[in-house]
Asker: 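Here it is, the structure in full.
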Amino acid sequence: MPVGEKVGGLPGFPRKTHFPTMPNEHLSILALAGVFLASVLGGAINAIAGGGTLATFPALVALGVPPLTANATTTVALWPGALSSMWGYRGELGGARAWVLRLTLPSLAGGALGAWLLLRTPPDRFARIVPFLVLGATLLFLAQASIMRRLRERRGDAPLAEGAPDRDDPDVTPWPFIAGQFAIGVYGGYFGAGIGILMLAGLGFMGFTNIHRMNGLKNWGSVCMNVIAAAVFAPSGVVDWPVALAIALGALLGGYAGARAAQRVGQQPVRRAIVGIGFASFLFLLVRGI
């Protein structure tokens with residue numbers, strides 16, 4: 001039977017598919033504890049700057065979970081962490097209602113399409129491309145500061161100190177942003193690592209300057225993508241539920257703690273740590289595949 005072929009359920013959204021999964025009994029309590037700790041770190045990273053999947057995804061693969069299963073399981077499990085970190089930033093969203101609405105529909109639509117595409121990707125093919133997805137997300141994050149600095153210079157804006165007041169509602173046409181957010185949603189539903197980075201860049205291009213306001217909006221977009229992707233993955237048979245529970249609990253704790261800490265600590269140490277984790281994950285996944 002082809003990967004993703006429907007066996008009951010709605011057309012196009014399979015209820016049970018022939019994905020290779022690791023039997024749950026192979027996961028010891030110690031291994032689940034390791035997944036929990038990795039997800040605490042991942043949830044905090046997502047709250048601060050995005051890229052938390054760079055911590056949780058390699059941990060699952062290291063345990064022997066097939067990459068495609070690890071990806072879907074992580075997506076299902078991390079949405080509570082995104083929700084908690086969004087709640088931590090709720091005070092930063094005052095006056096941004098129009099931008100919250102502009103994020104919602106393209107994030108939902110793109111996330112659903114990306115999840116559907118993942119279920120149509122053969123697991124062995126996904127395993128071959130996933131190291132480069134991780135590398136691409138890491139390089140994007142590494143280049144983000146430079147890209148946004150050059151954008152401000154080109155527009156003639158003076159660099160603003162972190163925490164300076166931002167433009168609550170930039171006076172720009174939102175349609176390019178909505179189209180870009182839909183594309184980010186497709187990627188987020190398919191893989192997800194780096195979606196926060198992409199959304200922060202998009203908000204910067206629109207004229208936002210306050211990193212905390214941008215993080216609040218980014219976390220809302222992540223919630224939308226992850227919730228709809230989780231709804232697609234849940235009935236497919238690709239999710240490892242005990243592992244998903246361990247990730248969800250860790251991400252819930254890490255997401256809220258990270259959101260609160262992000263407003264008290266500098267961005268540079270966190271950014272360096274994310275880049276290091278990303279490159280290490282790429283090498284691990286590449287060597288594992290070879």
Side-chain angles (χ1 to χ4, degrees), residues 3-4 17 19-20 38-39 42-43 45-46 49-62 65-79 81-82 106-142 144 180-202 218 221-234 236 238-240 243-244 247 251 274-275 277-286 288-289:
V3 172
T17 53
F19 292 105
S39 66
I45 289 174
N46 272 336
T53 304
L54 295 176
T56 53
F57 180 81
L60 292 183
V61 176
V65 180
L68 194 148
T69 300
N71 183 48
T73 300
T74 301
T75 298
V76 168
L78 281 182
W79 73 263
S107 297
L108 290 172
L113 177 58
W116 180 85
L117 290 172
L118 180 68
L119 293 182
R120 292 297 182 272
T121 301
D124 57 341
R125 183 179 302 169
F126 183 79
R128 288 196 298 270
I129 67 174
V130 75
F132 302 99
L133 292 173
V134 170
L135 177 63
T138 304
L139 292 174
L140 176 67
F141 186 85
L142 186 62
Q144 180 196 13
Q181 185 64 23
F182 174 76
I184 294 170
V186 174
Y187 171 74
Y190 188 84
F191 182 56
I195 56 172
I197 302 164
L198 289 167
M199 282 187 281
L200 286 175
K218 174 261 294 181
S222 297
V223 167
C224 293
M225 293 176 203
N226 285 340
V227 166
I228 193 66
V232 174
F233 293 145
S236 71
V238 70
V239 178
D240 190 323
V243 172
I247 296 174
I274 294 170
V275 170
I277 291 171
F279 282 126
S281 300
F282 163 70
L283 291 174
F284 165 73
L285 293 168
L286 187 65
R288 179 185 180 276

Asker: How many angstroms lie between CD1 in Ile247 and OG1 in Thr74, if you round to the nearest 0.5 Å?
Answerer: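 Between Ile247 CD1 and Thr74 OG1, I get 4.0 Å after rounding to 0.5 Å.
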Asker: In chain order, what residues pass the side-chain contact (heavy atoms from CB on, under 4.5 Å) check against Ala109, with sequence neighbours excluded?
Answerer: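 For Ala109, the residues satisfying side-chain contact (heavy atoms from CB on, under 4.5 Å) (neighbours in sequence not counted) are Phe182.
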Asker: What are the two closest heavy atoms between Met199 and Gly221, and how far apart are they?
Answerer: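 Scanning both residues completely, I find the closest heavy atoms to be SD-CA, 3.9 Å.
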Asker: Spell out, as yes or no, whether a donor-acceptor pair under 3.5 Å connects the side chain of Asn71 to the backbone of Phe57.
Answerer: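 No, because the side chain of Asn71 does not come within donor-acceptor range (under 3.5 Å) of the backbone of Phe57.
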Asker: Taking all atoms of both residues into account, what is the closest heavy-atom pair of Trp116 and Val232, and its distance?
Answerer: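 Scanning both residues, the minimum pair turns out to be N-CG1, 4.3 Å.
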Asker: Where is the tightest heavy-atom contact between Ala72 and Val238, given as atom of each residue plus distance?
Answerer: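 The pair with the smallest heavy-atom distance is CB-CG1, 3.6 Å.
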Asker: What distance do Leu285 atom CG and Ile129 atom CD1 have between them, rounded to the nearest 0.5 Å?
Answerer: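 Between Leu285 CG and Ile129 CD1, I get 12.0 Å after rounding to 0.5 Å.
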Asker: List the residues meeting ring-ring contact (aromatic ring centres under 6.0 Å, His included) with Phe233, not counting sequence neighbours, and say none if there are none.
Answerer: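 Not a single residue meets the ring-ring contact (aromatic ring centres under 6.0 Å, His included) criterion with Phe233.
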Asker: For Ile228 and Ser107, which heavy atoms make the closest approach, and how far apart are they?
Answerer: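 Closest heavy-atom pair between Ile228 and Ser107: CG2-O, 4.4 Å.
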Asker: Quick one: OH on Tyr190 to CG on Leu119, what's the gap to the nearest 0.5 Å?
Answerer: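 It comes to 10.0 Å.
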Asker: Measuring from atom CD of Gln181 to atom CE of Met225, what distance do you get when rounded to the nearest 0.5 angstrom?
Answerer: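 It is 4.0 Å, given to the nearest 0.5 Å.
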Asker: Calculate, to the nearest 0.5 Å, the distance between atoms CZ and CG belonging to Phe191 and Leu68 respectively.
Answerer: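 Here the rounded value is 11.0 Å.
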Asker: When rounded to the nearest 0.5 angstrom, what is the spacing between OG1 in Thr75 and CG in Leu118?
Answerer: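 Result: 7.5 Å between the selected atoms.
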Asker: To check you understand the geometry: which heavy-atom pair defines the closest contact between Ala244 and Ala77, and what is its length?
Answerer: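 So the minimum-distance heavy-atom pair works out to O-CB, 3.1 Å.
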Asker: Under the side chain to side chain contact (heavy atoms under 4.5 Å, CB included) criterion, do Phe279 and Val134 qualify, and how do the steps go?
Answerer: CA-CA 8 Å; Phe279 282 126; Val134 170; over 6 Å; no
Asker: Over all heavy atoms of both residues, which pair between Asp240 and Thr73 is shortest? Give the atoms and the distance, please.
Answerer: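 For Asp240 and Thr73, the tightest heavy-atom pair comes out as N-OG1, 3.0 Å.
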